[in-house]
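Remarks on the structure that follows.
Throughout, protein chains are lettered first and strands after them, A, B, ... in sequence-line order, and every chain is numbered starting at 1.
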There are 2 protein chains.
Amino acid sequence: MPSAEQARFRPVTLADVARSAGVSQATASRVVNGSARSVSPALTQSVLAAAEELGYATNVQAQAVARGTTTTVALLVSDIATDYFSSMAAAVMANAERAGLDVTIAVGERRMEREIELVRALRAQRARAIVMAETGFQTPEGADRLAEELRAYERGGGKVVIVSRTQLPFDHLDLDNVGGARKLGGALARLGYRRFLVLAGDRRLVTMHDRIEGFRSGLAERGIDLPEEAVVACDFSWEGARRAVSELDDAVLERTEAIFALNDEMALGAIAGLRGRGMQVPRDVAVAGFDDIRSLRDVTPGLTTVRIPLAEVGALVVDVVTGRRDAPALVPATVVLRDSTPLLG
Amino acid sequence: MPSAEQARFRPVTLADVARSAGVSQATASRVVNGSARSVSPALTQSVLAAAEELGYATNVQAQAVARGTTTTVALLVSDIATDYFSSMAAAVMANAERAGLDVTIAVGERRMEREIELVRALRAQRARAIVMAETGFQTPEGADRLAEELRAYERGGGKVVIVSRTQLPFDHLDLDNVGGARKLGGALARLGYRRFLVLAGDRRLVTMHDRIEGFRSGLAERGIDLPEEAVVACDFSWEGARRAVSELDDAVLERTEAIFALNDEMALGAIAGLRGRGMQVPRDVAVAGFDDIRSLRDVTPGLTTVRIPLAEVGALVVDVVTGRRDAPALVPATVVLRDSTPLLG
DNA sequence: ATGAAAGCGCTAACAA
DNA sequence: TTGTTAGCGCTTTCAT
């Protein structure tokens with residue numbers, strides 16, 4: 001049967017369904033999708049039956065073209081193979097689903113150039129919203145070009161939501177990096193720590209900057225000074241932190257009581273670095289991180305950190321995207337004390 | 001200026017570009033996309049200029065409708081907030097990009113019913129390929145319905161690739177669960193272990209079944225028997241394993257020398273359970289897992305496991321999708337011995 | 001309530 | 001090389 005063979009690679013279309021049900025395509029369209037509920041039960045039945053029978057599946061592309069809009073929201077992250085971003089993605093997806101949205105993930109690799117390309121591609125996808133969770137580096141010119149591309153996207157009717165990155169002029173969801181770090185500083189001070197080392201990624205990342213300054217002010221409130229030399233720059237990654245710690249002067253390490261790494265990944269890298277030097281946490285030095293990523297569950301001793309409630313972030317993001325809530329919102333961060341920073345003394 | 005206001009939420013179309021450049025839409029189409037390189041330099045320039053000037057971005061939906069095909073491949077996983085799947089997703093995405101494909105992730109939650117829905121939705125998206133990496137439960141009837149949906153998808157011209165062994169009748173990429181587990185069994189036997197406990201998820205998962213049987217045969221090769229009572233069922237998760245271990249009889253735990261958890265997540269849960277009972281790894285009992293997930297990097301003592309090279313899986317998946325390689329392929333698994341299973345004796 | 005017909009933005013013959 | 005003209009599959013006025 002040649003015609004069956006022919007049809008082998010042709011999806012069933014709405015026209016097929018309509019023909020098979022003996023109704024107009026308009027009617028078929030009305031029943032297979034919600035809209036104006038103005039179709040008689042009888043026809044509704046036969047259309048549904050025909051659709052089922054033929055194994056019809058809507059062509060969402062065509063639907064999007066006709067409607068001029070999609071239900072896709074794009075989530076731009078730095079690296080999906082990361083606890084932080086994969087947890088956030090899961091949270092956003094879970095909430096998006098409830099809102100009838102589907103989410104697509106784009107990986108920016110922390111490169112502004114790439115982010116710009118991605119926004120462009122997402123623009124081509126006619127995504128309903130772009131959520132920039134990416135904590136990319138920002139050169140002033142780069143930021144301008146990115147903002148320009150995002151603005152073009154908005155002009156096309158898209159919605160932009162930035163998660164925790166404030167100098168871009170769009171709706172954003174602030175994570176309380178400053179407050180969280182401040183509270184951590186206070187907590188560590190209360191535990192008796194005085195001499196710190198901060199492992200910082202690139203300072204141009206707003207997030208990093210905020211965490212440092214928050215921490216510093218938390219300490220300051222207790223009369224503790226965090227000198228500039230105590231902030232050591234390194235690559236913003238596990239390996240970067242490990243290496244930085246490995247290369248530290250003995251003398252420096254000797255006099256530091258606690259290391260604050262600007263995120264948990266780096267904290268874990270730092271711990272690896274310490275272990276490499278034969279040092280133990282917290283016996284020889286205390287360590288604290290930021291984010292409270294999943295894998296801390298299996299780390300011993302438990303890592304003190306500042307928890308960002310990613311589930312909540314996911315819900316807020318979707319609320320902002322759907323317009324059920326106005327940005328900006330501030331997501332609180334809370335200190336979680338664990339064994340890596342015991343009471344000193 | 002009312003017209004500008006009007007245009008505020010209307011994306012720039014190809015027609016706009018063509019008009020602005022003073023050429024036909026066909027010509028504009030030819031230059032903004034590759035295809036037949038048959039456009040004069042002069043016109044090419046003006047079209048490009050107009051596009052740039054207007055901030056044009058292709059409408060990929062319309063393009064897909066017109067071309068009758070997309071460049072999207074869908075990756076179906078169980079849970080993106082998981083080392084295993086997020087690593088795989090990263091690998092697939094990295095390779096897909098090189099092939100000019102973009103990937104969308106769908107989360108099946110290990111529920112067959114949901115998987116079926118998802119495949120249907122993916123069918124509606126006209127994804128070019130569906131990669132089922134999901135390790136879902138399979139009831140016979142469920143499997144039939146899923147297969148039916150996938151077949152309908154294929155009939156529409158889509159490509160199906162199953163990762164890891166399945167009885168589903170589609171192209172698949174085998175992970176060497178049997179071989180890996182067998183080698184692990186052998187390695188542990190060589191280290192002197194004789195009395196094991198296997199923490200198994202649901203046996204209906206082919207993957208689980210394969211790992212148990214492989215392990216058993218590896219032991220058998222060294223004359224060691226793995227009795228059925230040594231295989232304890234529990235929920236296929238960290239928490240499931242933790243609880244199972246917590247509830248084990250002292251006597252049972254007393255006589256087991258090593259626990260083999262069917263994946264690393266469960267192994268880590270088991271370790272947490274042991275810790276909860278005041279037992280230490282490997283002093284009181286050895287533990288081994290499977291997969292070699294990322295977060296093992298920060299676990300102490302290091303966990304012995306069987307490594308699945310996810311980067312390679314990503315590359316193979318894309319090769320199969322693009323037709324550059326025929327499935328089935330077998331991805332090898334290798335034993336990684338770490339401190340959690342020291343030489344016994 | 002139902003259908004005819006005109007789009008949605010783009011591509012791909014086919015002519016010119 | 002370039003433009004004209006049909007579509008692609010779906011939605012949505014606008015009649016009926």
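- Residue B/Ser24 has a polar side-chain atom (N or O) positioned under 4.0 Å from OP1 or OP2 of D/dG3.
- Ion pairing between B/Glu109 and B/Arg111 holds under the 4.0 Å rule for side-chain N and carboxylate O.
- Taken from CG in B/Leu14 to CG in B/Asn33, the straight-line distance is 7.5 Å, to the nearest 0.5 Å.
- Along DNA chain D, the nucleotide nearest A/Gln25 and the nucleotide nearest B/Thr44 are compared for position; the residue whose nucleotide lies closer to the 5' end is B/Thr44.
- Between B/Arg67 atom CZ and D/dA6 atom P there is a gap of 23 Å when expressed in whole angstrom units.
- When the C1' atom of D/dT4 is taken as reference, atom CZ of B/Arg19 falls 17 Å away, rounded to whole Å.
- If you measure from atom CD of B/Gln63 to atom C1' of D/dG7, you get 16 Å, rounded to the nearest angstrom.
- Going from atom CZ of B/Arg30 over to atom P of C/dA13 covers 11 Å, rounded to whole Å.
- One can place CG of B/Leu14 at 11 Å from P of C/dG9, the figure rounded to the nearest angstrom.
- Between A/Arg120 and A/Glu117, no side-chain nitrogen of the basic residue sits less than 4.0 Å from a carboxylate oxygen of the acidic one, so the salt-bridge criterion is not met.
- Of the inter-residue distances, the one linking B/Glu134 atom CD with B/Arg110 atom CZ reads 7.0 Å to the nearest 0.5 angstrom.
- For D/dG9, the base has no donor-acceptor partner in the side chain of A/Arg10 [N/O atoms by modelled type, under 3.5 angstrom].
- Relative to the side chain of A/Ala66, the nucleotides D/dT2, C/dG3, C/dG7 differ in distance, and C/dG7 lies closest.
- With rounding to whole Å, A/Leu43 atom CG is found 11 Å from C/dG3 atom C1'.
- Mapped onto DNA chain D by nearest heavy atom, A/Ala62 and B/Ser40 fall at different nucleotides, with B/Ser40 at the one closer to the 5' end.
- A/Asn33 has its CG atom 9 Å from the C1' atom of D/dC10, to the nearest Å.
- For B/Arg126 against D/dG9, no side-chain N or O and base N or O form a donor-acceptor pair under 3.5 Å.
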Practice problem: Show the numbers, then the answer: is there a side-chain contact (heavy atoms from CB on, under 4.5 Å) between B/Met112 and B/Ile116? | Solution: CA-CA 6 Å; B/Met112 176 72 67; B/Ile116 294 172; 4.2 Å; yes
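- Rounded to an integer number of Å, the gap from CG of A/Asn59 to P of C/dC8 is 18 Å.
- Side-chain N/O atoms of A/Thr27 include none lying less than 4.0 angstrom from OP1 or OP2 on C/dT2.
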